[in-house]
Amino acid sequence: MAESRPVLDIVAPFFNEAQSASAFAKLLDKLEAAVSQRFGMAVHKILVDDGSRDDGAGRFSQALSGSWEIVRLSRNFGKEVAVLAGLDHSRGEMVLIMDSDLQHSMDISLQMITELVDNREIDVVYAQNDRREASWRRSQLARLFYSLINSSQRFDIPENAGDFRVMRGTVARALTSLRDKRRFNKGLFAWAGFRQKAIPYSPENRASGTSKWSRLNLLAFSLEGFTSFSVIPLRIISLSGMLAALAGIVYGAKVFFEVMFYGIAVPGYPSLMVAVVLLGGLNLTLLGLIGEYVWVTLSESKDRPVYLVRDVVRSDVSGEPSGASGS
C-alpha cells in the first residue's frame, strides 16, 4: 500500500463460500490487472467473512494475491452489516462493492469504474438488475414494493438495484457514518444522495452452492425496508380502519331504517361474528405492525455496536498472509 497511485478498494462480503474462493480470487486478479492497465490504479481487496461455518477465510487467504485483508466477524450479522464492515476498513479513492459468488461480472465492474473515472460529476455508479429471468408475478410484486416504499419520500430507492456498485471514497466515508442497527442498504444508499448513475446488467450464474435468500428471507427483508424507510404500512392500516368504521356506520344506518320503517328482524349472530372477526383481525394486524416499528426503535436505542470483529488477516508485501490481528 506504499504506492502513490490512487487506490481502488474492492469490498466483498462472503458467507460459506469456500467452494468459490479459488475462482473468485482469479476473477479479482484479472480485475486488478485490468484496473491497473486501464486506469493506473492500485487495488486493495477487502473481504468480510460474515461468520462462515466453512473454511472460506482460509481458502481465500491461500488464493488471494497482491494487497488484501480478510475481516472476520465474530458471528453471522447478515450481508447488509458485512458491507458496512468492509466500508469501515476501506481507505481508497474509489470503492467497489461486489459479491463473492461470481454473479457480479468483471465486465460490468470495469464498465462502472470507467463511468466513474470519465465523469467527475458522478459520485456513484450502480448496477441495476434487468430481471429478464424473473417471473411476471415476481416482477409485479417488486414493482408494487418499490411503488409503495417510494411514495411520499424525498428520495427514490431504485428498483432492482443492490450492493453491486462503485463509489468515490468520500461517498464511502459518508455511508460509514450511517450506523443503523437494522440495516437496509438499498434505502441507505438512496437516502445518502450524491449523484448516481445506473447501468443495467444480468447476474451471472453462481459458481457453486445455492442462494442464501429464501422467499421468507426476502419477505422479512422487504418488511425491514418498510419499517426503516416508510410509514405507508401504518397509513394503509389506518385507512383500512377508517373504511371499516365507515362500513359499520352505513350498515348500522341500514339496519335502523329496516327495523323502523319495514319491521325487518335484525340478523344477530352472523352479523355479530362478521364484525368481531373483521375488527379483531384489523386490530391484531395493526398491533403487529406497530410492534415491528417499536422493535426497530428499540434496536436503535440500545446503541450496541453494529458488528464485532473477531480478527483481521492481512497480506504482507509479497501478498502472503501476515497473521491475524484483533480489531
Side-chain angles (χ1 to χ4, degrees), residues 1-3 5-15 17 20-50 52 56-57 59-73 79-117 123-127 161-173 175-176 185 189 199 201 203-204 207 309 312-316 319-322:
M1 298 299 293
E3 302 180 42
R5 295 186 296 166
V7 176
L8 169 72
D9 286 335
I10 300 179
V11 173
F14 67 91
F15 176 68
E17 296 289 351
S20 61
S22 177
F24 184 63
K26 291 177 181 177
L27 183 146
L28 291 180
D29 287 342
K30 292 179 182 177
L31 183 57
E32 179 177 6
V35 167
S36 177
Q37 181 180 3
R38 293 190 193 184
F39 312 109
M41 300 176 68
V43 171
H44 178 60
K45 303 144 192 166
I46 305 171
L47 276 68
V48 182
D49 181 0
D50 188 24
S52 297
R59 296 278 187 91
F60 275 113
S61 64
Q62 294 173 1
L64 290 170
S65 60
S67 174
W68 57 267
E69 61 183 295
I70 299 177
V71 181
R72 297 201 298 173
L73 303 186
K79 182 185 175 184
E80 309 289 294
V81 172
V83 169
L84 174 65
L87 292 177
D88 282 341
H89 285 75
S90 69
R91 298 292 182 271
E93 284 75 10
M94 290 187 184
V95 180
L96 169 67
I97 304 174
M98 63 190 307
D99 288 349
S100 56
D101 56 10
L102 280 79
Q103 288 194 289
H104 295 164
S105 71
M106 171 178 161
D107 292 337
I108 299 297
S109 300
L110 291 173
Q111 187 179 346
M112 291 194 298
I113 297 170
T114 301
E115 291 283 350
L116 201 62
V117 169
D123 301 308
V124 180
V125 181
Y126 61 88
D163 298 324
F164 189 22
R165 60 186 61 218
V166 61
M167 64 192 74
R168 302 197 186 278
T170 51
V171 180
R173 255 57 93 201
L175 288 171
T176 60
N185 282 347
F189 290 147
I199 288 181
Y201 89 111
E204 303 289 333
V309 176
V312 181
V313 181
R314 295 184 175 90
S315 63
D316 58 17
E320 296 297 323
S322 59

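Small disclaimer: the values here were computed from a predicted structure and weren't measured.
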key: Candidate pair E17 and R59, rule salt bridge (Lys or Arg N to Asp or Glu O under 4.0 Å), full reasoning   = CA-CA 9 Å; E17 296 289 351; R59 296 278 187 91; over 6 Å; no
task = Start with the C-alpha gap between D99 and K79, add the side-chain angles, then the distance that decides, and say whether salt bridge (Lys or Arg N to Asp or Glu O under 4.0 Å) holds.
result = CA-CA 10 Å; D99 288 349; K79 182 185 175 184; 2.8 Å; yes
task = Apply the test side chain to side chain contact (heavy atoms under 4.5 Å, CB included) to residues L73 and V48: give CA-CA distance (whole Å), side-chain angles for both, the deciding distance (0.1 Å), then the verdict.
result = CA-CA 7 Å; L73 303 186; V48 182; 4.0 Å; yes
request  = Show your reasoning for whether side chain to side chain contact (heavy atoms under 4.5 Å, CB included) applies to I10 and V43.
outcome  = CA-CA 7 Å; I10 300 179; V43 171; 3.7 Å; yes
request  = Output, in order, the C-alpha distance, side-chain angles, deciding distance and verdict of side chain to side chain contact (heavy atoms under 4.5 Å, CB included) for M41 and R5.
outcome  = CA-CA 6 Å; M41 300 176 68; R5 295 186 296 166; 6.0 Å; no
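In this structure, the side chain of T114 engages the main chain of L110 through a donor-acceptor pair within 3.5 Å. Counting only distance, with no hydrogens or angles, the side chain of E69 and the backbone of I46 share no donor-acceptor pair below 3.5 Å. S100 places no side-chain N or O within donor-acceptor distance of the main-chain N or O of F24, the cut-off being under 3.5 Å. Between the side chain of K26 and the backbone N or O of A21, no donor-acceptor pair lies under 3.5 Å. Under the 3.5 Å distance criterion, the side-chain polar atoms of R165 are left unmatched by any main-chain donor or acceptor of M112. Of the possible polar contacts, none joining the S36 side chain to the A33 backbone as a donor-acceptor pair under 3.5 Å is found. Side-chain N or O atoms of D9 include one that pairs as donor or acceptor with a backbone N or O of G92 at under 3.5 Å.
Atom-to-atom distance recorded for D163:CG and Y126:OH is 13.5 Å, nearest 0.5 angstrom. Annotation: the span from S61 atom OG to R314 atom CZ amounts to 14.0 Å, rounded to 0.5 Å. The distance from atom CG of L96 to atom OG of S90, rounded to the nearest 0.5 Å, is 11.5 Å. With values rounded to the nearest 0.5 angstrom, F60 atom CZ is found 12.0 Å from Q62 atom CD.
The closest side-chain heavy-atom distance from V117 to E115 is not below 4.5 Å. Considering only heavy atoms from C-beta on, M94 comes within 4.5 Å of L116 through its side chain. Residues V83 and N185 have side chains in contact (heavy-atom distance under 4.5 Å, counting atoms from C-beta outward). Using a 4.5 Å cut-off on side-chain heavy atoms (C-beta onward), V166 and V124 make no contact. The side-chain heavy atoms of M98 and L31, taken from C-beta on, include a pair separated by under 4.5 Å. Using a 4.5 Å heavy-atom threshold, the side chains of L47 and L28 count as touching. You'll find the side chain of R91 stays beyond 4.5 Å of the side chain of H44, heavy atoms only. Taking 4.5 Å as the limit, some side-chain heavy atom of S20 sits within range of a side-chain heavy atom of L102.
Nearest heavy atom pair, residue S65 against residue E32, reads O-OE1, 4.4 Å. A pairwise comparison of heavy atoms in F189 and L175 identifies CE2-CD1, 3.5 Å as the closest pair. Looking at every heavy atom in both residues, R173 comes nearest to V95 through NH1-CG2, 4.5 Å. The two residues I70 and A57 have their closest heavy-atom pair at CD1-O, 3.5 Å. Considering every non-hydrogen atom in both I113 and F39, the closest pair reads CG2-CE1, 3.6 Å.
The ring-ring contact (aromatic ring centres under 6.0 Å, His included) test applied to F164 returns H104, Y201, not counting sequence neighbours.
With no hydrogens or angles considered, no side-chain donor-acceptor pair links D123 and T170 at under 3.5 Å.
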